[in-house]
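Notes for the one structure printed next.
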Amino acid sequence: MFHDIEQNTDQWAELRKGKVTGSAISKVMANYGKAFSDPAKKLAVDIAVTELGGVIEPDNYSNSHMERGHEQEPIARMLYEQEYFCDVTNGGFYDNGFTGCSPDGHVGSNGLAEIKSVIPSVQYKRFKSGTFDSTYKWQLVFNLKETDREWIDYISFCSGFPENKKLFVVRCYAEQFKAEFKQIDTRLVGFRELIETIKQDIEK
């Protein structure tokens, strides 16, 4: 179910509680094929506690990179709209029960936008590699899977770069990630089992 709400609001935060979201999926997918990592186990505990009626305090951690991203995302979105002759509309929140995601925006009827604000050295790496930052692979794949959209533009924005190089954009298609979609499904089954085990341990 799609909720056309503003991100980072209290209502948005409430909808995300107890779910595996786009920003958390990389924790779940880390060490795929092996045991879950410590960050995944911590996430499992948080979800288990939430499902049992407990309260998990929101993570208000912030750093300069995150703050820069919030400040510069509107600028990056506007530049992207100008360069690609499109409109980016509210990404809202997709609630799919146990999972959910908040893409940075919708592009047309079939696309998504995911915007990252980066420093010059990181932007340079993007131009050298010619592709998206692998750190965000699972978030990109998950957003496509959760929204059932055809493609997503990974948008890397650097305010310090020359005027015509501030944006680096890579379009990824859902068709490319059929194998990864299946991997996510498989991993989430195991993650669900981990949560149930934790709930049983708490209730003993």
Is any side-chain N of the basic residue among K145 and D185 closer than 4.0 Å to the acidic one's carboxylate O?
-> yes
So, D95 side chain and M1 main chain: donor-acceptor pair closer than 3.5 Å or not?
-> no
Residues at least two apart in sequence or cross-chain that pass side chain to side chain donor-acceptor pair (under 3.5 Å) with T147, listed by chain then number, are none
When you check the gap from the basic side-chain N to the acidic O, do D201 and K204 get nearer than 4.0 Å?
-> yes
Between E73 and R77, is there a side-chain N and carboxylate O pair less than 4.0 Å apart?
-> yes
Without swapping roles, check the side chain of Q176 against the backbone of Y173 for a donor-acceptor pair under 3.5 Å.
-> yes
Is K42 salt-bridged to D38, going by a charged N under 4.0 Å from an acidic O?
-> no
NZ/NE/NH1/NH2 to OD/OE distance under 4.0 Å, R192 and E196 | yes
Between I184, T99, N96, which is the residue that forms a side chain to side chain contact (heavy atoms under 4.5 Å, CB included) with V20?
-> T99
Electrostatic pair E114-R149, nearest N-O below 4.0 angstrom | no
In terms of the angle between their ring planes, are F168 and Y154 parallel, tilted or perpendicular, with boundaries placed at 30° and 60°?
-> perpendicular
Begin with the C-alpha distance, continue with both residues' side-chain angles, and end with the deciding distance and a verdict on ring-ring contact (aromatic ring centres under 6.0 Å, His included) for Y84 and Y80.
-> CA-CA 6 Å; Y84 287 81; Y80 170 79; 5.0 Å; yes
